[in-house]
There are 4 protein chains.
Amino acid sequence: MEKKELIMSAALDVFAEKGYHNTKMEEIADVAGIGKGTLYGHFTNKQDLFDQTVFWFLDNYFISLEHNIIEDDSIYDTIYKFIINHIDILEKTKTSFLNVLTDFSNIKRSKEEIFEFHQEFLFNKVSRYSKIFIKAKERGELRNINTELAAHFLIGALKGISESVLVGEKIEDPAKIAEEITDLLCYGMVSN
Amino acid sequence: MEKKELIMSAALDVFAEKGYHNTKMEEIADVAGIGKGTLYGHFTNKQDLFDQTVFWFLDNYFISLEHNIIEDDSIYDTIYKFIINHIDILEKTKTSFLNVLTDFSNIKRSKEEIFEFHQEFLFNKVSRYSKIFIKAKERGELRNINTELAAHFLIGALKGISESVLVGEKIEDPAKIAEEITDLLCYGMVSN
Amino acid sequence: MEKKELIMSAALDVFAEKGYHNTKMEEIADVAGIGKGTLYGHFTNKQDLFDQTVFWFLDNYFISLEHNIIEDDSIYDTIYKFIINHIDILEKTKTSFLNVLTDFSNIKRSKEEIFEFHQEFLFNKVSRYSKIFIKAKERGELRNINTELAAHFLIGALKGISESVLVGEKIEDPAKIAEEITDLLCYGMVSN
Amino acid sequence: MEKKELIMSAALDVFAEKGYHNTKMEEIADVAGIGKGTLYGHFTNKQDLFDQTVFWFLDNYFISLEHNIIEDDSIYDTIYKFIINHIDILEKTKTSFLNVLTDFSNIKRSKEEIFEFHQEFLFNKVSRYSKIFIKAKERGELRNINTELAAHFLIGALKGISESVLVGEKIEDPAKIAEEITDLLCYGMVSN
DNA sequence: CATGAATGAGTGTTCATTCAT
DNA sequence: GATGAATGAACACTCATTCAT
């Protein structure tokens with residue numbers, strides 16, 4: 001792993017555990033096992049380190065999220081694998097990094113930057129999740145639903161899982177949760 | 001409005017716009033039109049002001065959320081009114097205060113406090129939303145679904161709406177959004 | 001007791017226990033059982049309250065110090081009674097207020113004020129103690145010693161007693177201490 | 001001189017001149033010619049800086065106090081040299097730091113800390129001064145006097161000298177003062 | 001290129017003092 | 001005159017960032 005990734009990996013851990021404002025550059029350096037000054041050779045400043053770390057994490061997250069999913073998978077299988085993969089990542093990163101993402105808007109930025117960031121980040125996030133629904137719709141599996149909305153449902157559920165983990169709960173049966181989410185998303189809640 | 005509410009109202013605006021760490025006590029005082037020192041006559045410290053403001057907002061939020069909803073409303077009508085009310089509150093508070101809530105865990109607290117808070121807050125939040133699904137289930141309107149999960153779906157959708165507003169989008173047609181959400185939650189996404 | 005003395009009495013207790021800078025005007029008011037604002041009806045400000053309290057205490061202290069001492073007393077008897085009276089006052093005020101006196105110079109004042117105060121206060125203090133030695137010298141009881149110096153010896157001894165009390169020690173045998181001090185001052189320490 | 005001593009030296013000057021509570025960390029930094037933040041690299045906080053400075057000063061003070069004193073010196077010579085050394089230190093430090101010492105108990109501490117400190121500090125101080133009397137007693141030079149009491153006499157006299165300096169007086173003739181103090185302590189004040 | 005000692009701008013909080021009641 | 005809610009100046013301390021080594 002190159003130095004820059006080493007730093008982002010350390011930063012990910014610390015940011016995720018403490019949030020942006022409670023994370024000290026020195027602690028990141030300590031966790032990375034390097035000197036404080038070295039951070040500034042790779043990143044302009046704290047905000048830059050945070051931003052790059054988040055996008056680096058997201059890239060990895062979305063790649064991992066699609067692990068094992070193949071083109072032909074039904075929407076059911078796709079979501080099911082999403083959940084399993086998500087829980088897997090949660091356990092690996094040992095933290096609910098997703099929670100940090102909300103921090104994004106709380107970093108001191110100008111209104112314009114916040115706006116721009118949200119545009120980019122939210123679009124990025126939602127569109128990534130929407131993708132699967134759009135594909136399924138194209139395959140004719142789905143009714144004419146609002147795919148973005150479905151993405152938000154899914155994100156809400158994943159957030160709920162993350163929060164449970166954050167509170168210290170152990171995910172005993174990922175398969176069951178995956179089934180419940182998929183079932184509810186697919187068939188709705190009303191009795192026939 | 002008594003002084004304490006005046007302060008919390010100002011705090012709500014500022015916290016929601018800037019997040020906990022970027023909010024200066026002085027600014028809250030300025031917005032409230034009072035002196036900085038006066039804040040400390042009503043709240044122990046910044047964190048206390050934040051905590052009380054959040055819970056005060058939540059209480060009002062949940063009361064407003066149930067506005068117009070009557071006992072006999074079907075689950076469809078209940079959710080529909082939820083959405084409408086939520087959008088209404090969003091516009092009134094002019095901020096997406098819900099986003100601040102995530103800040104909660106990011107304020108410097110001991111692990112134990114974070115844990116305790118999350119237990120209390122998340123349970124509070126989820127259970128409030130779950131309630132309507134539990135009731136509907138009791139009335140026989142729903143399949144044997146996981147009501148907490150449904151709550152997370154709904155929260156995800158509401159969060160999505162909030163984020164849109166945060167990004168500056170205007171909610172053109174609340175009714176349509178309400179219908180979409182309710183429809184998707186009720187009937188799922190698969191084509192029968 | 002008139003209001004002003006009531007206040008000074010309360011101030012004495014609090015200043016003596018906590019020192020000037022750790023004493024809050026509100027606490028003095030509380031102890032005096034009056035409102036905070038009332039203090040400012042009797043004293044210009046905190047410093048004025050402190051100054052007046054100190055001089056008021058000193059006046060009482062020096063009066064009490066000479067309790068029971070009569071014109072004809074020998075220097076031995078005079079010092080002996082001084083010690084006894086000093087210990088008595090210490091127990092009554094329950095604090096070693098003398099320690100506060102050193103605080104005088106530590107209050108924020110201009111160089112000139114500090115100078116002026118010290119001139120007045122130290123002169124006052126030392127001359128009061130010196131007086132007895134001067135009288136005794138006049139009566140021919142003493143050698144041609146430096147009376148101010150003798151006063152400092154005595155003050156040092158009294159300070160030592162006060163400190164013992166401050167540390168929590170109980171003065172078991174005032175008479176013995178009084179005898180030791182007087183003896184040492186009178187006859188010196190060398191073996192004839 | 002290493003950085004830490006440089007800081008304590010500056011702190012000594014400022015604390016001695018203004019007292020604990022009127023001394024700003026920034027001023028100490030200014031006097032030391034360093035940045036405010038640097039102080040915190042060497043000391044935990046203001047109180048820690050004060051405590052360490054006091055004990056550092058005391059160590060140096062007591063070493064200097066015994067300058068030139070040799071084992072065989074009579075009690076007279078020992079005290080004489082004490083006074084001369086004390087005046088010498090006073091002039092070198094240009095401040096009456098001894099006055100600061102009284103501040104010790106006035107810094108905000110818990111009752112327990114004050115107690116513990118006094119125990120340690122006073123014992124330290126008095127026992128250091130007592131030492132010379134104890135030794136002289138062992139050599140048979142002295143009557144069976146209370147050595148602690150003699151120490152308090154001496155401390156009182158030194159305090160008196162310090163106060164004179166504080167008030168701006170110049171010590172014209174240290175030798176004379178030393179003689180007077182020693183004489184009075186040795187032979188007492190009563191005429192044969 | 002790496003380091004970490006040094007920096008100083010920035011902010012939460014205290015408390016003497018004021019003044020409307 | 002008495003009150004105590006309101007005020008805001010003042011200060012200890014933090015931590016992102018720099019730069020000499």
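Computed over heavy atoms, backbone and side chain alike; hydrogens, waters and symmetry mates excluded. In the text below, chain A, chain B and the rest are named by the order of the sequence lines, each starting its count at 1.
- A donor-acceptor pair is defined here as one N or O able to donate and one able to accept, closer than 3.5 Å; no such pair exists between the side chain of B/Lys4 and the backbone of B/Phe43.
- Note: CD1 (D/Ile7) to C1' (E/dT7) measures 13 Å, nearest angstrom.
- Within the nucleic acid shown, D/Thr23 comes within 4.0 Å of sugar-phosphate atoms alone, with no base atom in reach, counting heavy atoms only.
- In this structure, NZ of B/Lys24 is placed 11 Å from C1' of E/dA9, rounded to the nearest angstrom.
- The NE2 atom of C/His21 sits 14 Å away from the P atom of F/dA10 (whole-angstrom rounding).
- Between C/His21 and D/His21, the ring planes are parallel. Angles under 30° get that label, and only those over 60° would be called perpendicular.
- When distances run from any side-chain atom of C/Lys46 to the nucleotides F/dA12, E/dA2, E/dT17, the shortest one goes to E/dT17.
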Output field dot_bracket for DNA chain E (Watson-Crick or G-U, both distances under 3.5 Å, | for other-strand pairs) contains .||||||||||||||||||||
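- Nucleotide E/dT11 holds its C1' atom 12 Å from the OH atom of B/Tyr20, rounded to whole Å.
- Of the possible polar contacts, none joining the A/Lys46 side chain to the A/Lys24 backbone as a donor-acceptor pair under 3.5 Å is found.
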Only distances under 3.5 Å count here; give the side-chain donor-acceptor pairs of residues 26-40 of chain D to other protein atoms, sequence neighbours excluded, each with its distance to 0.1 Å.
from: D/Glu27; atom 1: OE1; to: D/Lys18; atom 2: NZ; distance (Å): 3.3
from: D/Glu27; atom 1: OE2; to: D/Lys18; atom 2: NZ; distance (Å): 3.1
from: D/Thr38; atom 1: OG1; to: D/Gly35; atom 2: O; distance (Å): 3.4

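- Between D/Asn45 and A/Met25, it is D/Asn45 whose nearest contact on DNA chain F lies nearer the 5' terminus.
- Of all nucleotides listed (E/dA16, E/dA2, F/dA16), E/dA16 comes nearest to the side chain of C/Tyr40.
- Remark: P of E/dT14 and CD of C/Glu26 are 13 Å apart, rounded to the nearest angstrom.
- Annotation: proximity of residues 27-34 of chain A to DNA chain E (heavy atom, distance under 4.0 Å) is found for A/Ile34, numbered in ascending order.
- With C/Phe50 as the partner, the ring-ring contact (aromatic ring centres under 6.0 Å, His included) test is satisfied by one option alone out of C/Trp56, C/Tyr20, C/Phe57: C/Tyr20.
- Across E/dG12, F/dA2, E/dT7, the shortest atom-to-atom separation from the side chain of D/Thr38 is found for E/dT7.
- When the options D/Leu58, D/Ile7, D/Leu12 are evaluated for a side chain to side chain contact (heavy atoms under 4.5 Å, CB included) with D/Thr53, the one that passes is D/Leu12.
- Separating the CG atom in C/Asn60 from the CE atom in C/Met8 is a distance of 8.5 Å, to the nearest 0.5 Å.
- Between D/Gly37 and A/Leu39, the residue whose closest nucleotide on DNA chain E is further toward the 5' end is A/Leu39.
- Atom P of nucleotide F/dA16 and atom CG of A/Asn22 are separated by 10 Å, given to the nearest angstrom.
- On a pure distance criterion of 3.5 Å, a polar donor-acceptor pair joins the side chain of B/Lys36 and the base of E/dT13.
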So D/Met25 and D/Asn45, side chain to side chain contact (heavy atoms under 4.5 Å, CB included) or not? Walk me through it. CA-CA 9 Å; D/Met25 290 301 268; D/Asn45 52 30; over 6 Å; no
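- Along DNA chain E, the nucleotide closest to D/His42 and the one closest to B/Thr44 are compared, and the more 5′ of them pairs with D/His42.
- Across the protein-nucleic acid pair, A/Phe43 atom CZ and F/dA16 atom P stand 15 Å apart, rounded to whole Å.
- Inspection of the D/Gln47 and D/Asp51 side chains reveals no N or O donor paired with an N or O acceptor under 3.5 Å.
- Within the nucleic acid shown, A/Gly41 has no heavy atom closer than 4.0 Å to any nucleic acid atom.
- Atom pair B/Gln47:CD and E/dT11:C1' shows a separation of 16 Å (rounding to whole Å applied).
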